[in-house]
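All values below come from the heavy atoms of this structure, side chains included, with hydrogens, waters and symmetry mates left out. Order of the sequence lines fixes the chain letters, A, B, ..., with proteins taken first and strands second; residue numbering starts at 1 for each chain.
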Amino acid sequence: MFEFCADPKAIEGLQWMMCYLTTGKHIDFYLSFGTVLLLLAITAPVALAFGFGGAMAARSHFAPLGLLGKGYIAMVRGVPDIIYFLFFVIALDQGIEWLTHQVRCPDWSEPIRQGLEFRVCPEAKVPHSSSPAIIHSAYNFGLAIITFAIVFGAFAANVLYGAMQAVPRAQLETAESYGMTPRQVFRRILVPQMWVYALPGLSNLWMILIKATPLLFLLGVKDIVYWARELGGTKTQAFAYPHPDWRLWYFLFLLVFYLAFTRVSEIVLSRITTRLSHGQATAAGEMLRKAGAR
Amino acid sequence: MMTCWETIQGYAFRSIGIGENLLPRSDFTLCQQFTLIGSGLIWNVYFGAMALILGFVFANALAMGKMHRNPWLRKPAEWFIFVFRGSPLFIQFFLAYEALVLLPRAGIEILGLTVQTSWLTKAWAGALIVLFLNTAAYTGEIFYGALRSIPKGDLEAADAYGITGWSRFRRIQWPTMLRLAWPSYTNEAIFLFHATTLVFFSGFPAFQQRGDALYYANYFADKTFNPFVPYPIVAFYFILLTLLLIGLFGAVNRRLNRHLPTNTRSRIRLRPQLIR
């Protein structure tokens, strides 16, 4: 990075620190914060879409679909989410390989599960064993995103289903009496009104999502926890920048990062809540109206 | 080949070091998976129950501290709750482990006595401390919210009767707080038990492969390459545990609400809300 970093053993103090904090691995560490933000940016809308689908399915009058939606909603209630994280990553991987196996090697005679092994034909390996490392890590990251979206979709379905139920029945009946079809009632009356009921739950969900991002580490993605462990560990004289066990400081840094992130989110979300409450027939909306009238 | 009964005898208490020493390595049977994962559940119950009991006491102190007018009491309580609720439990585990490892191995000399510190890095103590502080913070916030939403009329009635100070707190505020907070507290308890599955994935080593339910499930999934058996088994155990908790907390909830007319009683609704 800097020119005086050429011989790290010769420099000391502040210069040493500057060189140390700008090594290639540290740049990777800083970039992994981007991984976390990318995960949040992709997962949040996808999970919301999953949740919306789940909540709509649960409200369906068509019994199998309703049951499916209710099952999806109930999924996260009794079972720790981390079990789903560990489960879906392997299950999705094996499912994808099984499907490609069926397509590409239809006349493969050996069974796929042989005792303790899961063996598909070489052409069905996803990603292909000869593909570069970046494809492999992108695939892992993709699996992690789908897993997060499934689990958080179930949480979001919970929130949105509750919010849809909370919209006053009279509003929907009024719309029906004007002759709107169920589809119109849903699109024009229910969905616009449900957001204010869903917002506290969704804000909570966003906080939970932020705090769940370190679990990426368990899914085999090189995220901030991975780098904090990697960089913080004791480095002997064989390394360019020897130092004792500094993992405590790295994790302290992560703690501060998460505290700042959740605090900022909290402030932004409370502003949004206030804004959305304007003109709503809720206690918060009434309070805003009175404050304005005074 | 062992029969199922022999497997249960050998592995039912494997997670606390009683029974067979070696874990099964090949020919995994359903019976082995059920027994060993169930055995691991002992740790989840231990962590959950201990943290819940200790955390309950501390949470009361935190809620009262946060309500207090004196900033010397209020600020520390606010900061404590903020730090533990604002950061992921996963990071807290790592941080605590790294901090506890740094303690001198030989023990610390206090007033001529040598206090041993090595036990703190073991999961049974170190992870329990983190879970205890974490649940205390979440519960403290719930109790604080409940304290704030005690009906004004209740307090005015207490004043009118001349009930003040400590006896007002003990006889009016605290029982009402508990009643109002109970449905949320039930949720917190359930998700605390779920959070105990993180312990052995977050720095704390499983000494002699004595781990919790998810640790063994993960062991089987790694060995058999088949996630479709062990993970549903853990899920099954946790559903049972959740139902048991709902039953227990529901009984307490009925007792807390027994003086109210039936239409104003608060009911427990299970809302998934907390991953730490």
Asks: Is it the case that over 12 heavy atoms from other parts of the model lie below 6.0 angstrom from the NZ atom of A/K222?
Replies: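 Atom NZ in A/K222 is not packed in, count stays at 12 or less.
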
Asks: Walk me through it: do A/Q94 and B/F225 pass the test side-chain contact (heavy atoms from CB on, under 4.5 Å)?
Replies: CA-CA 9 Å; A/Q94 294 191 349; B/F225 271 105; 4.2 Å; yes

Asks: What part of B/V101 gets closer than 4.5 Å to chain A, counting heavy atoms only: side chain, backbone, both or neither?
Replies: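 No part of B/V101 comes within 4.5 Å of chain A.
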
Asks: Please assess B/F228 against A/F87 for the test side-chain contact (heavy atoms from CB on, under 4.5 Å), listing each intermediate value before the final yes or no.
Replies: CA-CA 8 Å; B/F228 297 97; A/F87 171 78; 3.8 Å; yes

Asks: Select, from A/V89, A/L248, A/V225, the one with the greatest count of heavy-atom pairs under 4.5 Å involving chain B.
Replies: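 When all of A/V89, A/L248, A/V225 are compared, A/L248 has the most.
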
Asks: At under 4.5 Å between heavy atoms, what parts of residues 255-273 of chain A are in contact with chain B? List them by residue number.
Replies: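 Hits under 4.5 Å: A/L255, A/Y258, A/L259, A/T262, A/R263.
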
Asks: With rounding to the nearest 0.5 angstrom, report the CG to CG distance, B/L198 to A/L218.
Replies: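 One finds 7.0 Å between CG of B/L198 and CG of A/L218.
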
Asks: Can we call the ring centroids of B/F201 and A/F217 under 6.0 Å apart?
Replies: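 Ring-ring flag for B/F201/A/F217: false, centres at least 6.0 Å apart.
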
Asks: With a 4.5 angstrom heavy-atom cut-off, could you sort out which part of B/L102 is near chain A: side chain, backbone, both or neither?
Replies: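 Only the side chain of B/L102 comes within 4.5 Å of chain A.
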
Asks: Answer yes or no: is there a donor N or O on one side and an acceptor on the other, between the side chain of B/E98 and the main chain of A/W246, under 3.5 Å?
Replies: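 Side chain of B/E98 to backbone of A/W246, a donor-acceptor pair under 3.5 Å: no, none is there.
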
Asks: Quick one: sort the B/F94 and A/F251 rings into parallel, tilted or perpendicular, breaks at 30° and 60°.
Replies: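 Aromatic pair B/F94/A/F251 classed parallel.
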
Asks: Residues of residues 33-41 of chain A under 4.5 Å from chain B (heavy atom pairs)?
Replies: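 Against chain B, none of the residues of residues 33-41 of chain A fall inside the cut-off of heavy atoms under 4.5 Å.
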
Asks: Under a 4.5 Å cutoff for heavy-atom pairs, which residue among B/T197, B/L241, B/N218, B/L245 has the most contacts with chain A?
Replies: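 Greatest number of close heavy-atom pairs with chain A: B/T197.
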
Asks: Looking at every non-hydrogen atom in both residues, tell me the closest pair between A/P214 and B/I91 and how far apart they are.
Replies: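 Looks like CG-CG1, 4.0 Å.
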
Asks: Name the region of B/L214, side chain, backbone, both or neither, that has any atom closer than 4.5 Å to a heavy atom of chain A.
Replies: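 Side chain only.
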
Asks: Contact part of B/F193 toward chain A, heavy-atom cut-off under 4.5 Å: side chain, backbone, both or neither?
Replies: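 Looking at B/F193, nothing touches chain A.
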
Asks: At what distance, to the nearest 0.5 angstrom, does CD of B/Q92 lie from NZ of A/K211?
Replies: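 These two atoms lie 8.5 Å from each other.
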
Asks: Does any part of the side chain of A/I90, heavy atoms only, come nearer than 4.5 Å to the side chain of B/N226, both counted from C-beta?
Replies: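 No, side chains not in contact.
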
Asks: Using a cut-off of under 4.5 Å on heavy-atom pairs, state which of A/I82, A/L86, A/L252, A/L205 scores highest against chain B.
Replies: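 Winner by heavy-atom pair count: A/L86.
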
